[in-house]
Amino acid sequence: MATKFTSSATIIPVDESVGTILAHDITEIRPGQFKGPAFKKGYIIQEADLPHLKRIGKEHLYVLHLKAGEIHEDDAALRLARAMAGKGVRFDPVPSEGKIQLKAACRGLLKIDVEALTQINLVPDICCSSRHTHTVVEEGDILAGLRAIPLIINEAHLQEAEGIALKAEGLFTVKPFQTSRTGLVITGNEVYAGLINDKFAPIIRKKLQAFDCGVMGIAFAPDDKNRIVSNIHRLIQQGAQMIVVAGGMSVDPDDVTRAAILEAGAEDVVYGTPVLPGAMFLYGHLKEVPILGVPA
């Protein structure tokens, strides 16, 4: 005899389930061999399936009777994914056991509207777990997993979560890295005079290569503001799309690089970051060209 479960679902004994349609995936685990759905949502139970169902511990099955205002977990997950995925984000439109994973469509920087995500996770019966925002991701990396927690969700809750995500206009996005042609300005009297070998250029070139940024020119300058300014402007005139100025970023009297960057016309300059090593890192821009001041 069927047992009433809720207004929307009935528990059916497995022996009485032939001909019924599964309301959700049924997971099977064989240690070291297989873990996944043995029977998918929508499958029609056959007589030959009964021994298999019992072998994986199923004595009863759910049969759903969705009413107006009720949404199945798979349909809810798909609607959430569509609302949350922004540019640079993809997903498989076929949920697995009520879950959908958002993945990076390209290499880049993951950006998340954290406030909107927090609000969504406060909506009853909605769950979205993700990586941290401002994380470097590779193509195909999993960014987040989302789902409706119960088998059946109140559509009002789903609509509330969708509304928050849509208002954020791309709650999850991946911004591809710009492959900027970079000009390097290496400062320091000792390097300029040839008293010591330059160590900056090889290291910076290697770091830039990791982001597919080519070095279009390298200039060496003594600890002289005018010479540093002149080299910055020259590299930009030659087509540099980003400038990295290395050395002279500390508080020694000979360290004039920061003052030179300002004198070159850099705007929105930020000096000092809570990062070690490199606490005296500088960022600014000359019109559309980013300029980075890199400490020794």
Side-chain angles (χ1 to χ4, degrees), residues 86-88 104 106-115 131-138 170 173-188 191-192 198-296:
K87 292 182 179 180
C106 61
R107 184 173 191 260
L109 186 68
L110 171 62
K111 303 283 284 186
I112 303 173
D113 188 324
V114 176
E115 182 178 351
R131 293 181 179 223
H132 290 290
T133 189
H134 307 313
T135 301
V136 174
V137 295
E138 303 293 335
T173 59
V174 174
K175 295 184 178 296
F177 293 121
Q178 296 181 354
T179 55
S180 302
R181 299 175 68 243
T182 304
L184 304 184
V185 180
I186 311 297
T187 72
V191 175
Y192 184 75
D198 169 54
K199 301 293 185 182
F200 276 116
I203 294 173
I204 295 174
R205 187 189 295 273
K206 183 178 180 181
K207 290 180 179 291
L208 290 170
Q209 286 175 345
F211 295 94
D212 297 324
C213 294
V215 175
M216 52 75 63
I218 302 176
F220 293 90
D223 292 318
D224 178 283
K225 284 194 295 184
N226 293 332
R227 299 284 291 275
I228 297 172
V229 170
S230 175
N231 279 295
I232 291 172
H233 287 163
R234 179 174 58 81
L235 287 168
I236 292 175
Q237 290 170 0
Q238 292 174 351
Q241 299 169 307
M242 182 168 70
I243 297 291
V244 176
V245 187
M249 297 300 299
S250 188
V251 294
D252 189 280
D254 292 327
D255 290 336
V256 297
T257 301
R258 179 162 61 102
I261 291 172
L262 291 168
E263 194 166 308
E267 300 177 316
D268 300 325
V269 172
V270 177
Y271 176 61
T273 55
V275 176
L276 292 175
M280 293 178 179
F281 175 80
L282 179 147
Y283 169 81
H285 62 87
L286 290 165
K287 296 183 178 179
E288 300 300 320
V289 179
I291 182 165
L292 310 181
V294 180

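Because the structure is a prediction, the values reported are computed rather than measured. The basis for the numbers below is simple: all heavy atoms, side chains too, and nothing from hydrogens, waters or symmetry mates.
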Pairs under 3.5 angstrom only: tabulate donor-acceptor contacts from the side chains of residues 271-279 to other protein residues two or more places apart or in another chain.
unit_1, atom_1, unit_2, atom_2, d
Tyr271, OH, Met249, O, 2.4
Thr273, OG1, Gly278, O, 3.3

- Message: Looking at Gln238, I want to see if its CD is surrounded by more than 12 non-hydrogen atoms of other residues, nucleotides or ligands under 6.0 Å.
- Response: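 Yes, because the 6.0 Å sphere around CD of Gln238 holds more than 12 heavy atoms from other groups.
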- Query: Hey, is the main chain of Ala246 close enough, under 3.5 Å, to the side chain of Thr187 for a donor-acceptor pair?
  - Reply: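 Confirmed, Thr187 side chain pairs with Ala246 backbone.
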Does [X] reach the side chain of [Y], with side-chain heavy atoms less than 4.5 Å apart?
| X | Y | value |
| --- | --- | --- |
| Glu263 | Asn226 | yes |
| Thr257 | Leu282 | no |
| Leu235 | Met216 | yes |
| Lys111 | His134 | yes |
| Leu184 | Phe200 | no |
| Val269 | Tyr283 | no |

- Message: Using the rule given for side-chain contact (heavy atoms from CB on, under 4.5 Å), can you reason through Thr179 versus Phe211, listing the C-alpha separation, both sets of side-chain angles and the distance that settles it, and then say yes or no?
- Response: CA-CA 7 Å; Thr179 55; Phe211 295 94; over 6 Å; no
Just verifying a value: how many Å separate [X] [atom1] and [Y] [atom2], rounded to the nearest 0.5 Å?
| X | Y | atom1 | atom2 | result |
| --- | --- | --- | --- | --- |
| Leu286 | Asp268 | CG | CG | 11.0 Å |
| Gln209 | Thr182 | CD | OG1 | 11.0 Å |
| Asp223 | Tyr192 | CG | OH | 11.5 Å |
| Glu288 | Gln241 | CD | CD | 11.5 Å |
| Ile228 | Ile261 | CD1 | CD1 | 8.0 Å |

Kindly give the heavy-atom pair with the smallest separation between [X] and [Y], and that separation in Å.
| X | Y | answer |
| --- | --- | --- |
| Leu110 | Arg131 | CD2-CB, 3.9 Å |
| Asn231 | Arg234 | OD1-NH2, 2.8 Å |
| Arg107 | Val174 | C-CG1, 4.4 Å |
| Thr173 | Gly86 | CG2-CA, 3.9 Å |

- Task: With Val245 as reference, evaluate Ile232, Val294, Ile186 under the side-chain contact (heavy atoms from CB on, under 4.5 Å) test and give the passing residue.
- Result: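 For Val245, the side-chain contact (heavy atoms from CB on, under 4.5 Å) test succeeds with only one of Ile232, Val294, Ile186, which is Ile232.
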- List in chain and number order the residues that pass side-chain contact (heavy atoms from CB on, under 4.5 Å) with Val289, two or more places apart in sequence or in another chain; answer none if no residue qualifies.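 Per chain and number, Val289 pairs via side-chain contact (heavy atoms from CB on, under 4.5 Å) with Ile236, Ile243.
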- Query: Please walk me through it: do Asp212 and Phe177 pass side-chain contact (heavy atoms from CB on, under 4.5 Å)?
  - Reply: CA-CA 8 Å; Asp212 297 324; Phe177 293 121; over 6 Å; no
